[in-house]
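Source: prediction; values computed, not measured.
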Amino acid sequence: MIKGDRLRHFFLRVALCVGGCLVFLAPAGEVSAQTTSTGDEYMLEEITVQAQKREELIQDVPIAITAEDGETLDRTKVEDTFDLKALVPSLDFSTGVGGLGLPRIRGVGSTGTGPGIENPVAVYVDGVYIGSQIGQLTGLDDVAQVAVLKGPQGTLFGRNATGGLLQITTKRPTQDFTGNVSASYGNYNTYGGKVYLSGGLADKVAANLAVKYEKRDDGWGVNVFTGNDIMTQESSSGRLKVLWTPSDNTDVTLAGDFGQVDSASPAFRALTRNVRGNFAGGGERDIDADVDPSLEARQHGASLTVKHDFDSVQLLSISAYRYDRLQVIFDPDGTTEDEWAGVPMAGLPPLGFAHGFIINNNEIHK
(Lines give C-alpha, C1' and ligand atoms only; values in the text may rest on other atoms or scores of the structure.)
Protein backbone atom coordinates (compact mmCIF):
# COMPACT_ATOMS: atom_id res chain seq x y z
CA MET A 1 0.00 0.00 0.00
CA ILE A 2 1.27 3.46 -0.90
CA LYS A 3 0.77 6.10 1.80
CA GLY A 4 1.69 9.69 2.61
CA ASP A 5 4.81 11.01 0.88
CA ARG A 6 5.15 7.88 -1.25
CA LEU A 7 1.69 8.48 -2.72
CA ARG A 8 2.53 12.10 -3.61
CA HIS A 9 5.84 11.06 -5.18
CA PHE A 10 4.01 8.37 -7.19
CA PHE A 11 1.51 10.85 -8.69
CA LEU A 12 4.32 13.38 -9.35
CA ARG A 13 6.27 10.81 -11.36
CA VAL A 14 3.14 9.88 -13.33
CA ALA A 15 2.44 13.55 -14.13
CA LEU A 16 6.01 14.17 -15.31
CA CYS A 17 5.96 11.10 -17.53
CA VAL A 18 2.62 12.06 -19.10
CA GLY A 19 3.79 15.66 -19.66
CA GLY A 20 7.02 14.46 -21.27
CA CYS A 21 5.13 12.17 -23.61
CA LEU A 22 2.76 14.96 -24.67
CA VAL A 23 5.70 17.26 -25.49
CA PHE A 24 7.43 14.47 -27.41
CA LEU A 25 4.27 13.63 -29.41
CA ALA A 26 3.26 17.25 -30.18
CA PRO A 27 3.34 18.04 -33.93
CA ALA A 28 6.33 20.11 -34.98
CA GLY A 29 4.11 22.50 -36.91
CA GLU A 30 2.14 23.48 -33.83
CA VAL A 31 5.30 24.18 -31.81
CA SER A 32 6.85 26.38 -34.50
CA ALA A 33 3.59 28.25 -35.03
CA GLN A 34 3.40 29.00 -31.31
CA THR A 35 6.95 30.32 -31.33
CA THR A 36 6.49 32.59 -34.35
CA SER A 37 3.20 33.99 -33.02
CA THR A 38 5.11 35.66 -30.18
CA GLY A 39 7.38 37.56 -32.58
CA ASP A 40 11.01 38.18 -31.56
CA GLU A 41 10.30 38.08 -27.84
CA TYR A 42 11.81 34.62 -27.33
CA MET A 43 14.68 34.86 -29.78
CA LEU A 44 18.13 34.43 -28.19
CA GLU A 45 20.70 37.15 -28.72
CA GLU A 46 23.67 35.98 -30.76
CA ILE A 47 26.93 36.38 -28.81
CA THR A 48 30.17 36.10 -30.75
CA VAL A 49 33.38 35.21 -28.91
CA GLN A 50 36.98 34.44 -29.86
CA ALA A 51 37.53 31.77 -27.22
CA GLN A 52 39.23 29.51 -29.79
CA LYS A 53 41.08 32.41 -31.46
CA ARG A 54 38.44 32.76 -34.18
CA GLU A 55 35.00 34.33 -34.18
CA GLU A 56 32.31 31.83 -33.25
CA LEU A 57 28.87 31.81 -31.67
CA ILE A 58 29.17 31.16 -27.95
CA GLN A 59 26.72 28.22 -28.30
CA ASP A 60 29.22 26.47 -30.60
CA VAL A 61 32.21 26.72 -28.24
CA PRO A 62 32.68 23.74 -25.85
CA ILE A 63 34.15 25.92 -23.08
CA ALA A 64 32.66 27.35 -19.90
CA ILE A 65 32.54 31.07 -20.76
CA THR A 66 31.14 34.24 -19.25
CA ALA A 67 31.06 37.00 -21.89
CA GLU A 68 30.00 40.58 -21.17
CA ASP A 69 29.89 43.47 -23.63
CA GLY A 70 31.01 47.04 -23.05
CA GLU A 71 27.47 48.28 -22.48
CA THR A 72 27.02 45.85 -19.60
CA LEU A 73 30.35 46.92 -18.09
CA ASP A 74 29.31 50.59 -18.22
CA ARG A 75 25.89 49.87 -16.74
CA THR A 76 27.33 47.87 -13.82
CA LYS A 77 30.19 50.37 -13.23
CA VAL A 78 32.94 47.84 -13.89
CA GLU A 79 35.91 50.15 -14.45
CA ASP A 80 38.86 47.72 -14.53
CA THR A 81 39.81 44.06 -14.31
CA PHE A 82 39.72 44.25 -10.50
CA ASP A 83 35.97 45.04 -10.63
CA LEU A 84 35.17 42.05 -12.86
CA LYS A 85 34.81 39.77 -9.84
CA ALA A 86 31.50 41.48 -9.04
CA LEU A 87 30.10 40.49 -12.44
CA VAL A 88 31.65 37.12 -13.34
CA PRO A 89 30.85 33.98 -11.29
CA SER A 90 33.85 31.93 -10.07
CA LEU A 91 36.26 34.84 -10.76
CA ASP A 92 38.20 36.50 -7.96
CA PHE A 93 40.65 39.35 -8.42
CA SER A 94 42.90 40.68 -5.68
CA THR A 95 46.01 42.86 -5.63
CA GLY A 96 49.46 42.50 -4.15
CA VAL A 97 51.09 45.62 -2.61
CA GLY A 98 48.50 47.68 -4.45
CA GLY A 99 49.78 47.41 -7.99
CA LEU A 100 50.06 43.69 -8.86
CA GLY A 101 47.06 41.88 -10.31
CA LEU A 102 46.21 38.44 -8.92
CA PRO A 103 43.25 36.90 -10.81
CA ARG A 104 41.83 33.52 -9.78
CA ILE A 105 39.29 31.37 -11.60
CA ARG A 106 37.54 28.56 -9.70
CA GLY A 107 40.12 28.98 -6.93
CA VAL A 108 43.09 28.47 -9.25
CA GLY A 109 45.60 31.30 -9.08
CA SER A 110 48.82 32.49 -7.50
CA THR A 111 49.61 34.15 -4.20
CA GLY A 112 53.20 34.92 -5.13
CA THR A 113 54.10 38.39 -6.34
CA GLY A 114 57.17 39.73 -8.09
CA PRO A 115 58.53 40.85 -11.44
CA GLY A 116 59.34 37.30 -12.56
CA ILE A 117 56.14 35.56 -11.44
CA GLU A 118 53.47 34.78 -14.03
CA ASN A 119 49.96 33.90 -12.93
CA PRO A 120 48.31 30.60 -13.91
CA VAL A 121 45.37 32.74 -15.05
CA ALA A 122 46.32 34.57 -18.25
CA VAL A 123 45.19 37.99 -19.45
CA TYR A 124 44.97 38.84 -23.16
CA VAL A 125 44.13 42.23 -24.69
CA ASP A 126 43.32 42.07 -28.41
CA GLY A 127 45.25 38.83 -28.66
CA VAL A 128 48.36 40.19 -26.89
CA TYR A 129 49.46 38.25 -23.81
CA ILE A 130 49.98 40.44 -20.73
CA GLY A 131 52.63 38.44 -18.88
CA SER A 132 53.47 40.87 -16.09
CA GLN A 133 51.33 41.04 -12.95
CA ILE A 134 51.63 44.82 -13.19
CA GLY A 135 49.86 44.96 -16.56
CA GLN A 136 47.06 42.57 -15.55
CA LEU A 137 45.52 45.29 -13.40
CA THR A 138 44.19 47.34 -16.30
CA GLY A 139 41.26 49.61 -17.12
CA LEU A 140 38.25 48.67 -19.23
CA ASP A 141 37.42 52.02 -20.83
CA ASP A 142 37.09 51.23 -24.54
CA VAL A 143 36.15 47.56 -24.32
CA ALA A 144 33.84 45.82 -26.77
CA GLN A 145 33.77 42.54 -24.85
CA VAL A 146 35.36 40.71 -21.92
CA ALA A 147 35.23 36.91 -22.06
CA VAL A 148 36.32 34.85 -19.06
CA LEU A 149 37.29 31.32 -20.12
CA LYS A 150 37.10 28.91 -17.20
CA GLY A 151 39.21 25.81 -16.79
CA PRO A 152 42.56 24.87 -18.36
CA GLN A 153 43.16 26.58 -21.71
CA GLY A 154 46.74 25.44 -22.31
CA THR A 155 46.03 23.89 -25.71
CA LEU A 156 45.42 27.23 -27.42
CA PHE A 157 46.84 29.75 -24.93
CA GLY A 158 49.96 28.11 -23.47
CA ARG A 159 51.18 26.99 -20.07
CA ASN A 160 50.10 30.12 -18.17
CA ALA A 161 46.37 29.41 -18.60
CA THR A 162 46.02 26.54 -16.14
CA GLY A 163 43.02 28.10 -14.41
CA GLY A 164 41.65 29.92 -17.46
CA LEU A 165 42.03 33.39 -18.88
CA LEU A 166 40.57 36.86 -19.27
CA GLN A 167 40.15 37.74 -22.94
CA ILE A 168 39.67 41.48 -23.46
CA THR A 169 38.63 42.81 -26.86
CA THR A 170 38.68 46.57 -27.40
CA LYS A 171 36.40 48.48 -29.75
CA ARG A 172 37.01 48.38 -33.48
CA PRO A 173 37.43 51.76 -35.23
CA THR A 174 34.51 52.78 -37.44
CA GLN A 175 34.23 55.00 -40.50
CA ASP A 176 31.14 56.69 -39.05
CA PHE A 177 31.99 59.37 -36.51
CA THR A 178 30.92 58.47 -32.99
CA GLY A 179 31.91 59.85 -29.63
CA ASN A 180 31.17 59.79 -25.94
CA VAL A 181 32.22 62.15 -23.16
CA SER A 182 31.48 61.67 -19.46
CA ALA A 183 32.55 63.23 -16.16
CA SER A 184 32.20 62.04 -12.58
CA TYR A 185 32.55 63.28 -9.02
CA GLY A 186 32.49 61.29 -5.79
CA ASN A 187 33.39 61.30 -2.13
CA TYR A 188 36.92 62.00 -0.91
CA ASN A 189 36.92 64.80 -3.52
CA THR A 190 37.28 62.28 -6.36
CA TYR A 191 36.76 63.59 -9.87
CA GLY A 192 37.54 62.45 -13.38
CA GLY A 193 36.40 62.11 -16.96
CA LYS A 194 36.43 59.83 -20.00
CA VAL A 195 36.50 60.59 -23.73
CA TYR A 196 35.95 58.15 -26.60
CA LEU A 197 36.12 59.16 -30.27
CA SER A 198 35.96 57.06 -33.43
CA GLY A 199 35.78 57.96 -37.11
CA GLY A 200 37.27 57.70 -40.56
CA LEU A 201 40.59 59.34 -41.43
CA ALA A 202 40.61 58.47 -45.13
CA ASP A 203 39.18 55.93 -47.52
CA LYS A 204 39.60 52.48 -45.90
CA VAL A 205 41.37 54.02 -42.86
CA ALA A 206 39.64 54.57 -39.52
CA ALA A 207 40.80 55.29 -35.98
CA ASN A 208 39.52 55.52 -32.44
CA LEU A 209 40.85 57.14 -29.28
CA ALA A 210 39.97 56.49 -25.64
CA VAL A 211 41.34 58.61 -22.76
CA LYS A 212 40.54 58.48 -19.05
CA TYR A 213 41.67 60.59 -16.08
CA GLU A 214 40.77 60.30 -12.38
CA LYS A 215 42.08 61.89 -9.19
CA ARG A 216 41.24 61.38 -5.52
CA ASP A 217 42.43 64.50 -3.72
CA ASP A 218 41.44 63.61 -0.15
CA GLY A 219 43.02 60.54 1.39
CA TRP A 220 41.28 57.80 3.33
CA GLY A 221 43.49 58.54 6.29
CA VAL A 222 46.54 60.39 7.58
CA ASN A 223 50.09 59.47 8.48
CA VAL A 224 50.07 60.92 12.00
CA PHE A 225 53.89 61.02 12.04
CA THR A 226 54.23 63.24 8.93
CA GLY A 227 50.74 64.80 8.86
CA ASN A 228 50.25 63.89 5.18
CA ASP A 229 47.20 62.22 3.64
CA ILE A 230 47.46 58.57 2.64
CA MET A 231 45.55 56.61 -0.04
CA THR A 232 45.29 59.56 -2.38
CA GLN A 233 45.55 58.61 -6.05
CA GLU A 234 45.92 60.05 -9.55
CA SER A 235 45.60 57.87 -12.65
CA SER A 236 45.39 58.29 -16.40
CA SER A 237 45.20 55.91 -19.35
CA GLY A 238 44.66 55.99 -23.09
CA ARG A 239 44.52 53.86 -26.21
CA LEU A 240 44.79 54.73 -29.92
CA LYS A 241 43.90 52.28 -32.69
CA VAL A 242 44.25 52.78 -36.45
CA LEU A 243 42.53 50.31 -38.77
CA TRP A 244 43.41 49.91 -42.46
CA THR A 245 41.24 47.65 -44.61
CA PRO A 246 42.92 47.46 -48.05
CA SER A 247 40.39 44.79 -49.13
CA ASP A 248 37.31 43.06 -47.82
CA ASN A 249 39.44 40.11 -46.70
CA THR A 250 42.31 42.01 -45.04
CA ASP A 251 42.52 44.03 -41.79
CA VAL A 252 45.66 45.76 -40.53
CA THR A 253 45.42 47.27 -37.04
CA LEU A 254 48.10 49.37 -35.35
CA ALA A 255 47.43 50.08 -31.65
CA GLY A 256 49.21 51.87 -28.82
CA ASP A 257 48.27 52.33 -25.18
CA PHE A 258 49.56 53.73 -21.91
CA GLY A 259 48.56 53.75 -18.27
CA GLN A 260 49.97 55.34 -15.13
CA VAL A 261 49.05 55.47 -11.46
CA ASP A 262 50.53 57.60 -8.66
CA SER A 263 49.20 56.80 -5.21
CA ALA A 264 50.04 57.27 -1.52
CA SER A 265 49.65 53.55 -0.90
CA PRO A 266 49.78 50.81 0.31
CA ALA A 267 49.15 51.78 3.90
CA PHE A 268 49.69 49.28 6.74
CA ARG A 269 48.21 49.99 10.17
CA ALA A 270 48.81 47.90 13.27
CA LEU A 271 45.49 46.55 14.60
CA THR A 272 46.90 46.29 18.11
CA ARG A 273 50.28 47.21 19.56
CA ASN A 274 53.22 47.24 17.17
CA VAL A 275 56.59 45.55 17.71
CA ARG A 276 57.68 48.52 19.82
CA GLY A 277 54.65 48.18 22.10
CA ASN A 278 52.96 51.33 20.75
CA PHE A 279 49.60 51.98 19.10
CA ALA A 280 49.36 53.70 15.72
CA GLY A 281 46.98 56.33 17.07
CA GLY A 282 44.58 58.52 15.13
CA GLY A 283 41.52 57.27 13.21
CA GLU A 284 40.82 53.73 12.03
CA ARG A 285 42.47 54.38 8.65
CA ASP A 286 45.45 56.36 9.94
CA ILE A 287 49.00 55.04 10.11
CA ASP A 288 52.08 55.96 12.11
CA ALA A 289 55.18 55.48 9.94
CA ASP A 290 58.39 57.36 9.33
CA VAL A 291 57.90 57.12 5.55
CA ASP A 292 54.78 58.05 3.60
CA PRO A 293 53.69 55.14 1.36
CA SER A 294 54.26 55.67 -2.35
CA LEU A 295 53.20 53.71 -5.43
CA GLU A 296 54.24 54.59 -8.96
CA ALA A 297 53.02 52.31 -11.77
CA ARG A 298 53.78 52.78 -15.46
CA GLN A 299 52.86 50.67 -18.46
CA HIS A 300 52.69 51.16 -22.19
CA GLY A 301 52.78 49.08 -25.31
CA ALA A 302 52.09 48.77 -29.02
CA SER A 303 50.85 46.02 -31.30
CA LEU A 304 50.46 45.33 -35.01
CA THR A 305 47.75 42.84 -36.00
CA VAL A 306 47.35 41.60 -39.57
CA LYS A 307 44.39 39.39 -40.47
CA HIS A 308 43.64 37.93 -43.89
CA ASP A 309 40.83 35.57 -44.84
CA PHE A 310 41.57 33.04 -47.55
CA ASP A 311 38.91 30.82 -49.06
CA SER A 312 39.19 28.14 -46.38
CA VAL A 313 41.61 29.45 -43.71
CA GLN A 314 42.45 32.67 -41.89
CA LEU A 315 45.97 33.99 -41.35
CA LEU A 316 46.53 36.00 -38.17
CA SER A 317 49.81 37.72 -37.27
CA ILE A 318 50.27 39.62 -33.98
CA SER A 319 53.47 41.52 -33.14
CA ALA A 320 53.57 43.33 -29.80
CA TYR A 321 55.78 45.18 -27.32
CA ARG A 322 54.95 45.68 -23.62
CA TYR A 323 56.66 47.70 -20.89
CA ASP A 324 55.63 47.63 -17.23
CA ARG A 325 57.22 49.26 -14.20
CA LEU A 326 56.14 49.39 -10.57
CA GLN A 327 57.92 51.16 -7.73
CA VAL A 328 56.49 50.80 -4.24
CA ILE A 329 57.82 52.21 -0.97
CA PHE A 330 56.12 51.45 2.34
CA ASP A 331 56.93 50.81 5.99
CA PRO A 332 55.24 47.61 7.25
CA ASP A 333 56.94 47.39 10.65
CA GLY A 334 54.41 49.75 12.28
CA THR A 335 57.03 52.00 13.86
CA THR A 336 58.50 55.41 13.25
CA GLU A 337 62.05 54.11 13.13
CA ASP A 338 64.00 55.17 10.03
CA GLU A 339 64.92 51.63 9.05
CA TRP A 340 62.96 48.62 7.91
CA ALA A 341 64.59 45.22 8.45
CA GLY A 342 67.92 47.01 8.81
CA VAL A 343 67.74 48.60 5.33
CA PRO A 344 67.23 52.36 4.92
CA MET A 345 63.95 53.01 3.10
CA ALA A 346 65.58 55.48 0.76
CA GLY A 347 67.84 52.71 -0.51
CA LEU A 348 65.10 50.25 -1.46
CA PRO A 349 65.03 49.41 -5.16
CA PRO A 350 61.86 49.45 -7.26
CA LEU A 351 59.70 46.47 -6.35
CA GLY A 352 58.79 45.42 -9.88
CA PHE A 353 60.06 45.91 -13.39
CA ALA A 354 59.19 43.95 -16.49
CA HIS A 355 59.10 44.41 -20.22
CA GLY A 356 58.69 42.16 -23.21
CA PHE A 357 58.98 42.04 -26.94
CA ILE A 358 57.04 39.57 -29.08
CA ILE A 359 57.71 39.24 -32.79
CA ASN A 360 55.46 37.58 -35.33
CA ASN A 361 53.10 35.34 -33.45
CA ASN A 362 51.63 33.84 -36.63
CA GLU A 363 48.66 31.50 -36.65
CA ILE A 364 46.55 29.84 -39.32
CA HIS A 365 42.94 29.04 -38.43
CA LYS A 366 40.73 26.72 -40.44
Side-chain angles (χ1 to χ4, degrees), residues 73-74 76-87 91-104 111 113 133-141 182-194 212-237 259-276 278-299 324-338 340 345-346 348 350-352:
L73 299 179
D74 290 339
T76 55
K77 305 303 180 184
V78 174
E79 299 286 341
D80 50 34
T81 50
F82 179 81
D83 295 337
L84 279 175
K85 61 184 180 182
L87 189 63
L91 172 68
D92 183 36
F93 207 111
S94 58
T95 61
V97 292
L100 301 174
L102 299 172
R104 296 179 181 86
T111 58
T113 58
Q133 293 179 332
I134 304 169
Q136 291 183 345
L137 190 61
T138 184
L140 302 173
D141 307 321
S182 63
S184 62
Y185 181 81
N187 57 354
Y188 294 99
N189 197 22
T190 304
Y191 55 89
K194 296 190 292 185
K212 179 182 178 181
Y213 175 80
E214 185 176 79
K215 186 174 184 179
R216 183 170 64 240
D217 262 341
D218 297 337
W220 294 351
V222 176
N223 184 352
V224 296
F225 181 77
T226 64
N228 299 324
D229 281 2
I230 59 171
M231 302 304 291
T232 58
Q233 181 170 297
E234 183 178 15
S235 63
S236 59
S237 60
Q260 60 183 38
V261 177
D262 294 289
S263 175
S265 65
F268 293 88
R269 182 185 186 275
L271 297 178
T272 57
R273 296 182 183 274
N274 58 28
V275 295
R276 300 289 184 178
N278 303 321
F279 286 99
E284 62 178 6
R285 293 184 179 272
D286 296 340
I287 65 172
D288 189 12
D290 58 301
V291 175
D292 288 326
S294 173
L295 181 148
E296 180 184 292
R298 300 288 185 270
Q299 60 175 302
D324 303 274
R325 183 178 185 272
L326 176 66
Q327 177 172 299
V328 180
I329 296 176
F330 59 94
D331 186 9
D333 64 3
T335 74
T336 56
E337 299 296 324
D338 60 356
W340 171 52
M345 291 299 297
L348 286 179
L351 180 66

* Asked: Hey, what do you get for CH2 (W220) to CZ (R285), rounding to the nearest 0.5 Å?
  -> 6.0 Å

* Structure fact -> All heavy atoms of G219 vs all of D229, minimum pair found to be N-OD2, 3.4 Å

* Structure fact -> Interatomic distance, CD@Q136 vs OG1@T95, rounded to 0.5 Å, equals 12.5 Å

* When you check the gap from the basic side-chain N to the acidic O, do E296 and R325 get nearer than 4.0 Å? -> yes

* Structure fact -> To the nearest 0.5 Å, atom CG of L140 lies from atom CG of L73 at 6.0 Å

* In terms of the angle between their ring planes, are Y213 and Y191 parallel, tilted or perpendicular, with boundaries placed at 30° and 60°? -> tilted

* Asked: Are the side chain of N223 and the backbone of N228 linked by a donor-acceptor contact shorter than 3.5 Å?
  -> no

* Asked: About how many Å separate NZ of K85 and CG of L91, when rounded to the nearest 0.5 Å?
  -> 9.0 Å

* **Short side-chain to backbone donor-acceptor contact, D286 and V222, under 3.5 Å** => yes

* Exercise: identify the closest heavy-atom pair between T232 and D218 -> CG2-C, 3.9 Å

* Are any non-hydrogen side-chain atoms of E79 and E214 less than 4.5 angstrom apart? -> no

* Asked: Only one of I134, V261, D262 clears side chain to side chain contact (heavy atoms under 4.5 Å, CB included) with R298; which?
  -> D262

* To do: Please determine which of R216, Q260, K215 meets the side chain to side chain contact (heavy atoms under 4.5 Å, CB included) test together with E234.
  => K215

* Do the side chains of F93 and L137 get nearer than 4.5 Å, heavy atoms only? -> yes

* **Whether N187 side chain and T190 backbone form a donor-acceptor pair below 3.5 Å** => no

* **Spatial distance of atom OG (S237) from atom CD (Q299) [nearest 0.5 Å]** => 9.0 Å

* Structure fact -> Heavy-atom closest pair (G139 atom, D80 atom, distance to 0.1 Å) is CA-CB, 3.8 Å

* With side chains defined as the heavy atoms from C-beta onward, is the minimum distance between T111 and L102 less than 4.5 Å? -> no

* Asked: Strictly by modelled atom types, are S94 and R104 linked by a side-chain donor-acceptor pair under 3.5 Å?
  -> yes

* Please round to the nearest 0.5 Å and tell me the distance separating atom OG of S263 and atom CE of M231. => 5.5 Å

* Asked: Under 3.5 Å, side chain of T81 to main-chain N/O of T138, donor-acceptor pair present?
  -> yes

